[in-house]
Amino acid sequence: MPVIDVAVPVPLRQTFSYTCESKLAAGVRVSVPFGRRQLIGVVTASYDDPPGADDSTPALKPVSEVLDEQPLFDRTLLSLTDWLASYYHHPVGEVWATVMPSRLRKGSPLSDKSPAYTLTEAGEQEALSKTLKGKKQLECIALLASGPMAQEEVKSRFSSAVLKALEEKALITATTIAHKASADWSSFTLQQTPPTASTEQGVAIAAINQQAHHFVPYLLDGVTGSGKTEVYLQVIEPVLKQGKQVLILVPEIGLTPQTVGRFERRFGITVGVLHSQMTDLARLNVWQQARRGELGIIIGTRSAIFTPLKRPGMIIVDEEHDESFKQQDGLRYHARDLAVKRAHSENVPLILGSATPSLESLNNALNKRYTHLTLSQRAGGASHTQLKVLDSRDQPLHAGIAQGLVSIMRSHLQQGNQVLVFLNRRGFAPAVICHHCGQTVDCKSCERPFTYHKSQGRLQCHHCGASRRLPEQCGECHSHDLQTSGIGTEQLEHGLGTLFPDVKQVRIDSDAVKGKDKLITRLDEINARKYQLLVGTQILSKGHHFPHVTLVVVLDCDGALFSADFRAAEKLAQLITQLAGRAGRANKPGEMWLQTDNPGHPLLQDLINNGFAHFARQALQERKLALLPPYSSQAIFRAEANEAGLALNFLQQVRDCYRPSVNAAKGGFIGPLPCLIEKRQGRFRFMLVLQCPQRGALHSWLKHHLKEVESLPLANKVRWSLDIDPVDLS
DNA sequence: AGCACGCCGACT
DNA sequence: GTCGGCGTGCTC
């Protein structure tokens, strides 16, 4: 009897074998008995004769049900799934679970039906009698009188209120119809005449169009406002004309109706959208439409990289440096890296776009693995925001803002302009800094600042694990004025209210704006000048433009300058550059002040004097010398437990498993160390970093010793995970 | 991860 | 005398 290997959704790094009536193709879902329960898994292989000897191996159970006639995924996605499991050293069954829309995971059949609305009998009557009062409701009835219509289409014409009302009156009802025959979107006509491309844009567009039929990775390195989206639009056009599909990945926050609208308006075709807030059904729908080749453009966040494409033509990753492309739990994949992998195996061009490219991508561009396309001019000759550093040492602080800066803010506000105050609220535990001389309290053996651990009231070095008491005075100038940097946005908002009582202010952070609509409303209100003082976090740096802002203030740069996370400087530079691109316009140039106790810090100086491009190249040099990514590969084991000792012990044992091979190659460990947020939900968290200049070596150690790690007695007592190519060392 | 089995404390 | 605590062990 034929035997199949099945990946079941359990955290085990293996597949399970079952007997089956006939061989099944890889990628077909099956329902199988597993212990005492019934699970849905995916076939990974099948054999006419079981490969193992049948005397010692346990008796195989038969498959209960075969759910698909055809595999769900094509060859490319099947091999991508294999690659994911081996590269991220993650259980196959869980890989499949992340790659599939949740409906399919739960066993929904792949159907040719799509949701639709139709008239009920009462509705048919109504279509004739027309007694309804609502004008819109009558229109809707009239539309459906000619037959059932796809929900998507009905929803695009009528508000949900109208539809809800009609459903409540039982005049219309949800049903399904056979999906439209493959829509031919290649015959679109441009709805808008594209603007004439600038010289630089023209060069980029021509370069991409010239090699549109095979895999070429591009880094589109374009300053804010240089018109990257226009480049996308113009290179997409010929791809669509050939009847091929374009997959566009955008950061979580960047996926606004405006973004989607821009593509729809240009081409006049339906754009498939995929993001985390959609219902499972809606996701499945777009997934199926893309698979059937009914959508020309699919825009989505991280997980959209798994969307099947019938006729792939191009993949674009916008704002490729954005951290939201890296999944931070479960299968910790990086959608940007997967995009490269996928474009390669689909043999289509790949565009990575950013004003502040990640050092990884920039390095690939500089060493010619990617074609480097640069847009250095802002469209319409808009001027660049001026960057300046404000030395806050020995200055009185008001709500965390230095005296000198308060006066600058006041003058901008008095001229009727908007001021944006940015607070870097990210999870860096603050360094302890002398407020008199700017000196940090450093670990002697690592020459890196200690991290302040509030829970213990002690300092700890996150490089060697050394710990000491919080000193009374500065080691350099003996001032007693030692401070931890960092206040929250709420505290800042309150303080600003006292400083500028007559100015209307608004706070934009994830606490203050829950839900997409609220953010958009606030942003509209800001640009309608309803507020003068804007206080916020990350969100303000992503994709929105504030033409009336003439002053941007960045507080608390110091936390990032001395963070234990070696990527903090890069992140800060990206943030500052992105923020600078948000303010001002041609006739109202903006200025930006960076408040710091370290005005001479080489990073800040390099950034303000030479710009991001120069800074990034400098940072790459430093990484090279320190053998840090992208010049080495990293993996992190993390563990958490109710008892700190358990998690720490486990990671020490993990380190012992790896020590012989790591020492033999030129690799190294960092830790085990407590995570920056040591205690979360009552559990203590630790991490162990493995590092090696050769990616291959790192992966072979991981693979080789993972069995050992899994069978450690503590492995079942702590929650542990493995993070390959981590982007966040916290 | 589930979901069992299994061996020790406070309840009708 | 039982109900139930969560420790550990297995799942083709």
Side-chain angles (χ1 to χ4, degrees), chain A residues 1-68 81-82 84-85 88-107 280 303 327-333 637-647 649-650 653-654 680-685 706-723:
Chain A
M1 205 169 201
V3 168
I4 56 168
D5 287 348
V6 179
V8 283
V10 289
L12 300 170
R13 288 173 173 75
Q14 64 180 124
T15 55
F16 291 84
S17 304
Y18 292 86
T19 59
C20 189
E21 294 296 316
S22 58
K23 281 174 75 177
L24 294 172
V28 163
R29 288 174 301 163
V30 288
S31 174
V32 292
F34 192 77
R36 241 135 278 228
R37 54 210 171 120
Q38 199 68 27
L39 293 178
I40 291 165
V42 178
V43 178
T44 58
S46 47
Y47 318 88
D48 278 320
D49 303 297
D54 38 335
D55 47 329
S56 64
T57 44
L60 302 184
K61 291 182 183 176
V63 161
S64 318
E65 195 188 346
V66 180
L67 299 178
D68 299 305
T81 309
D82 279 349
L84 278 167
Y88 289 102
H89 305 271
H90 202 79
V92 243
E94 289 195 339
V95 171
W96 275 102
T98 28
V99 162
M100 267 194 278
S102 71
R103 281 276 175 148
L104 294 179
R105 207 156 67 218
K106 289 172 190 151
D280 293 347
S303 65
Q327 174 121 57
Q328 292 293 16
D329 51 64
L331 173 61
R332 294 166 171 260
Y333 65 92
F637 279 95
R638 287 176 229 267
E640 53 177 74
N642 297 321
E643 245 178 279
L646 288 179
N649 270 334
F650 171 72
Q653 288 169 19
V654 172
R680 198 173 59 180
Q681 290 156 359
R683 310 176 72 88
F684 292 90
R685 307 157 71 225
L706 214 49
K707 274 255 154 62
E708 256 174 89
V709 171
E710 280 177 318
S711 57
L712 286 172
L714 276 174
N716 298 319
K717 289 204 167 71
V718 304
R719 289 169 70 97
W720 65 275
S721 66
L722 178 55
D723 188 354

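Proteins come first, then strands; the chains are lettered A, B, ... in the order of their sequence lines, and each starts at number 1.
- The interatomic distance linking A:Leu39 (CG) with C:dT11 (C1') rounds to 9 Å, in whole Å.
- In this entry the distance linking CZ of A:Phe16 with C1' of C:dC12 reads 7 Å, nearest Å.
- A:Leu646 CG to A:Phe684 CZ: the interatomic distance, rounded to the nearest 0.5 Å, is 10.5 Å.
- Here C:dG7 presents its C1' atom at 14 Å from CG of A:Asn642, a figure rounded to the nearest Å.
- The pair A:Asp68-A:Arg29 meets the salt-bridge criterion, since a charged nitrogen lies less than 4.0 angstrom from a carboxylate oxygen.
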Footprint string (nucleotides 1-9 of chain B, 5' to 3'): B base within contact, S backbone only, - free, heavy atoms under 4.0 Å: BBSS-----
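- Contacts of A:Phe16 classified as ring-ring contact (aromatic ring centres under 6.0 Å, His included), with partners at least two apart in sequence or in another chain: A:Phe34.
- In this structure, A:Leu712 atom CG and C:dT8 atom P are separated by 15 Å, rounded to whole Å.
- The distance between atom CD of A:Glu643 and atom P of C:dG7, rounded to the nearest whole Å, is 12 Å.
- Dashed line: the shortest gap from a side-chain N or O of A:Lys717 to OP1 or OP2 of C:dT8 is under 4.0 Å.
- In plain terms, the two heavy atoms of A:Lys61 and A:Pro33 that are nearest each other are CD-CG, 3.8 Å.
- Straight-line distance from the CG atom of A:Leu24 to the P atom of C:dC12: 18 Å, rounded to whole Å.
- Here NE2 of A:His90 is found 11.0 Å from CG of A:Asp723. Values are rounded to the nearest 0.5 Å.
- Straight-line distance from the CD atom of A:Gln14 to the C1' atom of C:dC10: 10 Å, rounded to whole Å.
- For the residue pair A:Ala647 and A:Ala639, the shortest heavy atom distance occurs at CB-O, 3.9 Å.
- Rounded to whole Å, atom P of C:dC12 lies 17 Å from atom CE of A:Met1.
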